[in-house]
Amino acid sequence: MMKCQKSLFDIPDGITYLNAAYMGPITKEAAEIGKQAVQNKLNPWSISINDFFDIPDKIYNLSSALIDAQACDMAIVPSVSYGIAIAANNIKVAKGQKIIVLADQFPSNIYRWQELAQEKDAFVETVSWPDNGDWTAAILAAIDEKTALVATPNAHWTNGTKIDLVAVGKRSRAVGASLVLDLTQTLGVMPFSVKDVDPDYMVTGCYKWLLGPYSFGFMYVAPRNQNGKPIEESWIGRKGADNFARLVDYKDEYAAGARRFDMGEKSNFINAPIAASALKLINDLGVEHISNYIKSLTNYIAERAIALGLNVADDKQRVPNLIGINFKDGVPAHIAPALVAKDIFVSIRGDSIRVAPHIYNDKADIDRLFDVLEKNLINPKD
Ligand SMILES: Cc1ncc(COP(=O)(O)O)c(C=O)c1O
């Protein structure tokens with residue numbers, strides 16, 4: 001089992017940070033890289049033409065390695081909503097067809113689909129919360145010949161309940177539906193392979209579990225969709241863009257692969273090197289090892305929650321990294337302030353306390369969380 005990696009981070013001993021699902025920290029090394037990047041901008045003569053291409057190339061290589069894809073299948077995007085917009089602009093939806101989403105799905109993977117449904121006289125079908133916790137069965141039951149596309153994560157962002165994407169991918173292909181994935185809440189901490197799932201598009205932000213900067217994410221575009229239309233027509237997405245002296249020899253042809261889908265100014269000289277450092281760390285540690293380490297913590301959370309008489313999703317129905325501690329009648333109002341008073345950081349989502357540990361947490365963090373919960377649930381007046 002991997003060791004706790006707290007020494008890589010700047011998290012003081014008094015802080016119990018269990019909220020990577022909200023915002024992940026960058027490492028101390030990534031911060032140093034960021035400082036150097038700011039210094040380079042102070043001295044712009046140190047930014048070379050090669051940097052415009054070499055830094056994004058690192059991102060393509062490291063991000064594709066995480067998902068079993070080729071570097072040329074990757075695009076750099078600023079946000080999940082941007083990636084979803086690319087998918088929506090390219091997927092064919094006919095009148096009367098349906099777009100499948102989950103109840104209470106994250107809004108960046110909802111609004112564009114609502115708009116598309118309106119544009120095409122199609123409709124959005126929302127899969128309800130399954131009573132038995134089995135999202136996969138509920139999604140499979142919703143997919144039929146009328147389905148144009150399924151837009152889903154592989155973990156519900158509010159409580160970490162799991163969706164089996166291999167099964168959803170298979171069923172989508174069987175009815176000719178497209179599959180669009182937002183993996184922001186699991187990528188890097190739960191194994192995922194485009195070879196197993198075969199999505200049409202997959203997008204993720206980097207600022208949570210991938211321990212990267214804000215406003216920086218990446219996208220996979222399946223080779224079969226790489227002739228599509230990008231959102232922007234950037235100079236750097238065209239063939240021959242590295243010849244700075246001849247950029248006004250306008251080119252009709254895009255650069256090969258998924259390059260056309262990159263956001264403008266993709267060679268973000270400050271964010272991209274920080275993201276590259278983060279992605280290298282995740283690749284070096286190995287997603288499988290990270291996943292097993294974090295799973296040992298969420299299993300411990302489940303054990304402690306159950307001992308307190310609280311509910312969590314069944315082991316088989318939750319992802320390794322995210323767990324919702326559910327209160328039947330809602331999270332009592334005094335719990336959140338009691339946690340903050342002890343510098344314990346989690347999120348309240350719906351009727352659950354969402355706990356999101358990462359490689360810098362250990363069992364002692366979980367014990368601190370439960371000390372407060374026990375004190376405030378069993379003896380609230382002590
Ligand atoms: C599942 C999921 N997707 C996406 C995002 C962020 O979306 P965007 O990059 O469009 O701001 C979040 C943020 O909480 C999220 O939980």
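Every number for a ligand or one of its atoms is a count from 1 in the order of the listing. We use all heavy atoms of the structure for the numbers below, so side chains are in, but hydrogens, waters and symmetry mates are not.
- Classification of Asp164 and Lys170 as a salt-bridged pair fails, no side-chain N sitting under 4.0 Å from a carboxylate O.
- Cation-pi geometry between Lys98 and Phe123 is not satisfied (NZ or CZ under 6.0 Å from the ring centre, within 45° of the ring normal).
- Contacts with ligand 1 closer than 4.0 Å are made by no heavy atom of Tyr111, backbone or side chain.
- Polar contact with ligand 1: absent for Ser79 (N/O pair, distance under 3.5 Å).
- For atom 16 (O) of ligand 1, the nearest protein heavy atom (residue, atom name, distance) is Gln185 NE2, 2.9 Å.
- Judged purely by distance below 3.5 Å, without hydrogens or angles, the side chains of Asp73 and Tyr60 never pair a donor atom with an acceptor atom.
- Under the 3.5 Å distance criterion, with hydrogens and angles disregarded, no donor-acceptor pair is assigned to the side chains of Tyr293 and Glu288.
- Atom 10 (O) of ligand 1 has its closest protein heavy atom at Ser108 OG, 2.7 Å.
- Gln39 and Asn43 share a side-chain donor-acceptor pair at under 3.5 Å.
- A salt bridge does not link Asp144 to Arg171: none of the charged side-chain nitrogens sits closer than 4.0 Å to a carboxylate oxygen.
- Near Tyr207, with a cut-off below 4.0 Å to any heavy atom, the atoms of ligand 1 are 6 (C), 13 (C).
- Within the listing of ligand 1, atoms 2 (C), 3 (N), 4 (C) sit less than 4.0 angstrom from a heavy atom of Thr184.
- Heavy atoms of Val80 found under 4.0 angstrom from ligand 1 belong to the backbone as well as the side chain.
- Inclusion of Ser81 in the set of residues having an N or O under 3.5 Å from an N or O of ligand 1 is warranted.
- Polar contact with ligand 1: present for Lys208 (N/O pair, distance under 3.5 Å).
- Taking a cut-off of under 4.0 Å to the non-hydrogen atoms of Asp182, the atoms of ligand 1 that pass are 1 (C), 2 (C), 3 (N), 4 (C).
- Ring centroid separation for the pair Trp157 and Tyr22 does not come in under the 6.0 Å cut-off.
- Judged by distance alone, the side chains of Gln185 and Asn321 never bring a donor and an acceptor atom under 3.5 Å apart.
- Nearest protein neighbour of atom 5 (C) of ligand 1, counting heavy atoms only, is Phe106 CE2, 3.3 Å.
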